[in-house]
Amino acid sequence: MIAVANIMGDIYMYKYSNTETELVSTLELHLKACRDIEFSEDGTTLFSTAKDLCIMLTDVETEEIKRLYENAHEQKGNVPAFSIKKMEDYVSSIITNTDAKYLVCASGDGSVTTFNIPGKKLHVQSEEYEEELTCLGLFKHETKIMVCSSKGKMYLYNWGEFGLHSDEFPSVTKNAITCMVPITENVAITGGEDGILRATSLFPRNNLGIVGQHNFSIEAVDVNSDGSMIASSSHNNDIKFWNVQYFETLNVAERVKGGKQKQLKHNLPSSKVDNASNFFSDL
């Protein structure tokens, strides 16, 4: 099952397989653009947030609203367990790990801001980068956290050491990275403003190639429960599925032969485009 939200506030539920998709439900939940959706860990509840300031919990099977928070940012009638404002611009991504001690936030003001959840207080805030920070991902069994930016850079932090990044990945195309999903403990798939899905190995640092392509900017990317398939959506309302099982056996240390341009244009097995070198090698 995959859930898709749109700027009208509606959510579409699809069943999908390797060969087809089927629309099974349309949920008219929010009055304004739906900004984020997420399933609960057991898949029975769908969380949704929108520009109408509502947070909804919907039963996936019955399609009934289980809980509704209206004016969530004002919290009228619902007293928040914890509230604080330490960022000067929009919050683009929020993440925590299994221990749930720290809540890490990326912001449009260029900062990584971390809160102590049990202590209900600010933990640490990084220096501001000269770019918007767009998405977060956990790697290496939750010991590393990667932050992507509007200038196409990637910053790697040690979990618990959020004041300064431990490594920096320079931008390969100068285009904004809009979204990211960890595909293994060591490989990130990023979606870009240029419509390209790229795979990057963290250790060793290596641009692995193109996972797939859209004609417009990629807005969201997610992975299924067993890590075999990802789905990505773009500005022209296309949702594309990519079989990425090959990452289980891919040699991440092997570099593409040739110059930088050839490396950037290298297509991985999931891509719809063939590499020119592969074509000539068959002749």
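Just so you know, these numbers use all the heavy atoms, side chains as well, and skip hydrogens, waters and symmetry mates.
The shortest side-chain heavy-atom distance between Val147 and Tyr157 falls under the 4.5 Å cut-off. The side-chain heavy atoms of Lys240 and Lys272, taken from C-beta on, include no pair separated by under 4.5 Å. Looking at heavy atoms from C-beta onward, Met8 lies out of side-chain contact with Lys32 at the 4.5 angstrom threshold. Phe203 is listed as a side-chain neighbour of Leu156, based on a closest heavy-atom distance under 4.5 Å. Side-chain contact between His214 and Ser232: present, with at least one pair of heavy atoms (C-beta onward) separated by less than 4.5 Å. The shortest side-chain heavy-atom distance between Ile117 and Phe115 does not fall under the 4.5 Å cut-off. A 4.5 Å side-chain heavy-atom check between Thr96 and Val104 finds every atom pair outside the cut-off. Using a 4.5 Å heavy-atom threshold, the side chains of Thr190 and Leu197 count as separate.
Within 6.0 Å of CZ on Arg205 lie more than 12 heavy atoms contributed by other residues, nucleotides or ligands. Heavy-atom contacts from other residues, nucleotides or ligands closer than 6.0 Å to NZ of Lys265 number 12 or fewer. Within a 6.0 Å radius of CD in Glu38, other residues, nucleotides and ligands contribute 12 heavy atoms or fewer. The neighbour count for Met1 CE, taken as heavy atoms of other residues, nucleotides or ligands under 6.0 Å away, is above 12.
Of the inter-residue distances, the one linking Leu122 atom CG with Asn116 atom CG reads 9.5 Å to the nearest 0.5 angstrom. For the atom pair OG of Ser107 and NZ of Lys86, the computed distance is 13.5 Å after rounding to the nearest 0.5 Å. A distance of 8.0 Å separates CG of Asn267 from CG of Asp274, quoted to the nearest 0.5 Å. Atom CG of Leu46 and atom CG of Leu27 lie 7.0 Å apart (nearest 0.5 Å). Once rounded to the nearest 0.5 Å, the distance linking OG1 of Thr113 with CD of Glu88 reads 9.5 Å. The CD1 atom of Ile7 sits 10.5 Å away from atom CG of Asp10, with the distance rounded to the nearest 0.5 Å.
By the criterion of side-chain heavy atoms lying less than 4.5 angstrom apart, applied directly or through intervening Ile, Leu, Val, Met, Phe, Trp or Tyr residues, Val24 is grouped together with Leu29 in one hydrophobic cluster. Criterion: ILVMFWY side-chain heavy atoms under 4.5 Å apart, direct or through other members. Under it, Leu202 and Leu250 are not part of a common hydrophobic cluster. One hydrophobic cluster, built from ILVMFWY side chains closer than 4.5 Å, holds both Met13 and Ile65. Side-chain heavy atoms closer than 4.5 Å link hydrophobic residues (I, L, V, M, F, W, Y) into clusters, and following such links, possibly through other members, connects Trp242 to Ile218. Placement of Ile95 and Leu103 in two distinct hydrophobic clusters is found when ILVMFWY residues are connected by side-chain heavy-atom separations under 4.5 Å, directly or transitively.
Across every non-hydrogen atom of Asp89 and Gly108, the tightest pair is CB-C, 3.7 Å. Residues Lys262 and Val256 share a closest heavy-atom pair of O-CG1, 4.4 Å. Contact record, Met146 with Met154: CE-SD, 3.5 Å, taken as the closest heavy-atom pair. Scanning all heavy atoms of the two residues, the minimum distance from Phe169 to Ser201 falls at CE2-O, 3.8 Å. Of all non-hydrogen atoms in Glu128 and Asp109, the two that sit nearest each other are OE1-O, 3.4 Å. Taking all atoms of both residues into account, the shortest heavy-atom contact from Val211 to Arg198 is CG2-C, 4.2 Å.
In summary, the side chains of Glu132 and Ser92 do not present any donor paired with an acceptor at a separation below 3.5 Å, with no hydrogens or angles considered. Side chain to side chain, Tyr246 and Ser270 meet the donor-acceptor criterion of an N or O pair below 3.5 Å. When only modelled atom types and interatomic distance are considered, Thr45 and Lys66 share a side-chain donor-acceptor pair under 3.5 Å. Judged purely by distance below 3.5 Å, without hydrogens or angles, the side chains of Ser271 and Gln213 pair a donor atom with an acceptor atom. No hydrogens or angles considered: nothing links the side chains of Ser234 and Glu219 as a donor-acceptor pair under 3.5 Å. Side chain to side chain, Glu131 and Ser149 meet the donor-acceptor criterion of an N or O pair below 3.5 Å.
The main-chain N or O of Thr62 is found under 3.5 Å from a side-chain atom of Asp59 such that the two form a donor-acceptor pair. In this structure a side-chain-to-backbone donor-acceptor pair under 3.5 Å is present from Thr178 to Gly191.
Note on Lys144 versus Asp167: no salt bridge recorded, every NZ/NE/NH1/NH2 to OD/OE distance being 4.0 Å or above.
A search for side-chain hydrogen bond (donor to acceptor under 3.5 Å, both in side chains) contacts involving Thr44 returns Asp42, not counting sequence neighbours. In this structure Tyr129 satisfies the ring pair (Phe, Tyr, Trp, His ring centres under 6.0 Å) test together with Tyr155, His165, sequence neighbours excluded. Residues meeting the side-chain hydrogen bond (donor to acceptor under 3.5 Å, both in side chains) test with Arg35, sequence neighbours left out: none.
Met229 belongs to a hydrophobic cluster whose remaining members, ordered by chain and number, are Ile2, Val4, Tyr12, Tyr14, Tyr16, Leu23, Ile239, Phe241; membership requires side-chain heavy atoms of ILVMFWY residues under 4.5 Å apart, directly or through intermediates. Grouping Ile, Leu, Val, Met, Phe, Trp and Tyr by side-chain contacts under 4.5 Å, direct or through others, leaves Leu31 on its own.
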* To do: Please lay out, stage by stage, how Lys51 and His30 fare under the test side chain to side chain contact (heavy atoms under 4.5 Å, CB included).
  => CA-CA 8 Å; Lys51 195 177 179 181; His30 294 276; over 6 Å; no
* With side chain to side chain contact (heavy atoms under 4.5 Å, CB included) as the test, would you mind laying out the steps for Glu161 and Ser166 before giving the verdict? => CA-CA 9 Å; Glu161 301 173 4; Ser166 61; over 6 Å; no
* Would Leu68 and Ile55 count as a side chain to side chain contact (heavy atoms under 4.5 Å, CB included) if you check the C-alpha gap in whole Å, the side-chain angles of each, and the deciding distance to 0.1 Å? -> CA-CA 6 Å; Leu68 167 64; Ile55 301 172; over 6 Å; no
* Step-by-step side chain to side chain contact (heavy atoms under 4.5 Å, CB included) determination, Val252 to Asn206 -> CA-CA 7 Å; Val252 297; Asn206 189 7; 5.6 Å; no
Side chains of residues 134-141: which donor-acceptor pairs under 3.5 Å do they make with residues two or more places apart or in other chains?
unit_1 : atom_1 : unit_2 : atom_2 : d
Thr134 : OG1    : Cys148 : O      : 3.1
Thr134 : OG1    : Ile177 : O      : 2.7

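Note: Tyr102 and His123 have tilted aromatic rings, judged against thresholds of 30 and 60 degrees for the angle between ring planes.
Figure legend: cation-pi geometry between Lys101 and Trp159 absent, as NZ or CZ is not positioned both under 6.0 Å from the six-membered ring centre and within 45° of its axis.
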